[in-house]
There are 2 protein chains.
Amino acid sequence: MTQSIRVAVSTVILTLRRAESGEAVLALPLVLRTREPFADQWALPGGWLTSAESPVDASARTLSETTGLAPSYLEQLYAFGAVDRSPTRVVSIVYWALLRQDDVDAQSEAHRASGHAPENVRWFDVHDLPQLAFDHAKIIEYALWRLRNKVGYSRVAHGFLPSEFTLADLREAYEAILGKNLDPANFRRQVEASGNLLPTDRFRTGSHRPARLYRYNTDVALADRGPLGPEETSIR
Amino acid sequence: MTQSIRVAVSTVILTLRRAESGEAVLALPLVLRTREPFADQWALPGGWLTSAESPVDASARTLSETTGLAPSYLEQLYAFGAVDRSPTRVVSIVYWALLRQDDVDAQSEAHRASGHAPENVRWFDVHDLPQLAFDHAKIIEYALWRLRNKVGYSRVAHGFLPSEFTLADLREAYEAILGKNLDPANFRRQVEASGNLLPTDRFRTGSHRPARLYRYNTDVALADRGPLGPEETSIR
DNA sequence: CCAAAAGTGTTTTAAATACACCCATGC
DNA sequence: GCATGGGTGTATTTAAAACACTTTTGG
């Protein structure tokens, strides 16, 4: 009776993509379930935790199986265990991850070129989600709340961007996460004062005045995870 | 093979108590293990998750079994699942809780009066902990980090205090959590401006100038838990 | 030249911080 | 009266916000 509780690991995988309107929006991949319960409904990528694997490794593995990519950021979100959240008793350890938008673009281009993309996986804008299995709608809502929170006191937003980017790129990421526009002048000053950015001597041209490209300062962690070691938090 | 993973629930139970020196220090109850692994070592209170119970209920139950009390605050800390954290494969969902210091004092007085206190339970100051079983030392360190963090942007510190308290009481709690002294004048202004406190017309006398007693403003939540519902966060 | 985004400067507002000083009680 | 913590006042520093203005490109 202690048993009969199974442990699952799921991941909210977020990236930024450009909508038809031209603006950047948060998007995430979902998997179409083929079995009961909730057959033919969309769900978060994941699977059962096996005895040989840690939860964070299971999250990274299913993330890779779903998207073919490695995350730029991966953090535990919450362990969900309400008795009635599934017909059978399941505890889900849920992670959230960020993917670099250029990685995602390259991967979907590769899928289009080769003709075989992963089965039953589709990307959705976070503001246009389908009906979701289990309590996954609430879980995604919570992940987005955590991301909004964390963007205020860490540099997680960099997890969406390629290695070189303009301040407008970065501000666009912040605006998509927070759902509001930011003053370009003040944004520049704040992010420059944070010491997280290293200016390069390269510029992006193509429209109007060229914008300077920046890089991450890799001395600064993407987010403070406190005293937890790598075996419990990110990928080894 | 999916099975053979067991789910445990443990809780870091914190309160404030007065040391011999007279200053307030954080303290927590530990349980002496009677079985292998780690027999005769101290460990966090907890037990196996049963199929009829949610993790948060299990946490509240074992907290009550250990201390005889109900917590003023209870929040999930983290799910620990590294493969090698125990000789057998165990995933521990860990919570952290706050107890009101007056509740703890009353309970230990009752235990002394009746003569039967819980077996194998002892309270330790957080800066004077014994050798701990499993990864529980790291877990406690992480809980204290979370508490220090959270006290900066929420009113969790009130979880230690009785229903009526002076500003010096509250400041003492903050100082014990943060490990540094705060300016009484500025502390007063900040906490008054937060709108969390309701002044009463009562005063505490006994030494020097009487100090006004305050109450919680129960309209304000102890901490923002975001979009998570009560079935996953606190006690129902 | 004009539109538009990149980038700089300046002013205002709000919030910590530091610290001097007065108040009310027990002894 | 005096020591002590309770409580108020005020100046300084810091950071956020608002917004005018200059710069540099493509067309």
Side-chain angles (χ1 to χ4, degrees), chain A residues 16 18 21-24 148-155 157 161-162 164-215 220, chain B residues 16 18 21-24 148-155 157 161-162 164-215 220:
Chain A
L16 269 188
R18 204 150 299 282
S21 65
E23 65 176 355
R148 277 194 300 272
N149 252 296
K150 204 138 198 166
V151 81
Y153 62 90
S154 78
R155 34 168 290 231
L161 299 184
E164 294 197 343
F165 51 88
T166 67
L167 289 180
D169 293 338
L170 183 57
R171 181 165 47 85
E172 188 177 42
Y174 273 78
E175 289 176 342
I177 292 167
L178 296 173
K180 65 176 181 186
N181 293 331
L182 302 172
D183 182 301
N186 294 331
F187 181 80
R188 163 183 300 272
R189 264 186 294 263
Q190 276 174 256
V191 81
E192 278 176 344
S194 75
N196 294 333
L197 293 191
L198 298 175
T200 71
D201 51 0
R202 309 195 332 114
F203 289 82
R204 176 180 302 160
T205 59
S207 66
H208 313 303
R209 175 173 175 175
R212 182 180 293 277
L213 290 167
Y214 290 81
R215 306 189 132 272
V220 184
Chain B
L16 268 188
R18 203 150 300 279
S21 66
E23 64 177 355
R148 278 195 299 273
N149 250 298
K150 204 138 198 167
V151 80
Y153 62 89
S154 77
R155 37 169 289 232
L161 300 183
E164 294 197 342
F165 51 89
T166 67
L167 290 180
D169 293 338
L170 183 58
R171 181 165 47 85
E172 188 176 41
Y174 273 77
E175 290 176 340
I177 293 168
L178 295 173
K180 65 177 182 185
N181 292 332
L182 301 173
D183 182 301
N186 294 331
F187 180 80
R188 163 184 298 272
R189 263 186 294 263
Q190 276 173 256
V191 81
E192 277 177 344
S194 74
N196 293 333
L197 293 191
L198 297 175
T200 70
D201 52 1
R202 309 198 328 117
F203 290 81
R204 175 180 302 161
T205 60
S207 66
H208 315 304
R209 176 173 174 177
R212 183 179 293 277
L213 290 166
Y214 290 81
R215 306 188 132 273
V220 184

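Fair warning: this is a prediction, and the values are worked out from it, not measured in the lab. Chain identifiers are assigned alphabetically (A, B, ...) following the order of the sequence lines, protein sequences preceding nucleic acid strands; residue numbering begins at 1 within each chain.
Distance B:N181 CG to C:dA18 P: 12 Å, rounded to the nearest Å.
The minimum heavy-atom distance linking A:G22 with A:R18 is given by the pair O-NH1, 2.8 Å. Between B:A24 and B:A176, the shortest heavy-atom contact is O-CB, 3.6 Å. Residues B:V191 and B:S194 share a closest heavy-atom pair of O-OG, 2.7 Å. The two residues B:S154 and B:Y174 make their nearest non-hydrogen contact at O-OH, 3.7 Å.
The distance from the CG atom of A:L167 to the CG atom of A:L213 is 9.5 Å, given to the nearest 0.5 Å. For the atom pair CZ (A:R171) and CZ (A:F165), the distance works out to 13.5 Å, reported to the nearest 0.5 Å.
A search for salt bridge (Lys or Arg N to Asp or Glu O under 4.0 Å) contacts involving B:E164 returns B:R202, B:R215, not counting sequence neighbours. A search for salt bridge (Lys or Arg N to Asp or Glu O under 4.0 Å) contacts involving B:R204 returns B:D169, not counting sequence neighbours.
Nucleotides of DNA chain D lying under 4.0 Å from heavy atoms of chain B occupy a range whose first and last members, 5' to 3', are D:dT4 to D:dT10.
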**Request:** Report, as a single string ordered 5' to 3', how protein heavy atoms within less than 4.0 Å touch nucleotides 22-27 of chain C: B base, S sugar-phosphate only, - not at all.
**Result:** -BBBS-
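Within residues 182-199 of chain B, the residues that have a heavy atom under 4.0 Å from DNA chain D are, in order of number, B:A185, B:R188, B:R189.
When each of A:L197, A:N196, A:T166 is paired with A:Y214, the side-chain contact (heavy atoms from CB on, under 4.5 Å) condition holds for A:L197 and for no other.
Within the 4.0 angstrom heavy-atom criterion, only backbone atoms of the sugar-phosphate kind lie near B:R171; the bases stay farther away.
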Contacts table for residues 177-188 of chain A: side-chain donor-acceptor under 3.5 angstrom, sequence neighbours left out:
| from | atom 1 | to | atom 2 | distance (Å) |
| --- | --- | --- | --- | --- |
| A:D183 | OD1 | A:A185 | N | 2.8 |
| A:D183 | OD1 | A:N186 | N | 3.0 |
| A:N186 | OD1 | A:R189 | NH2 | 3.0 |

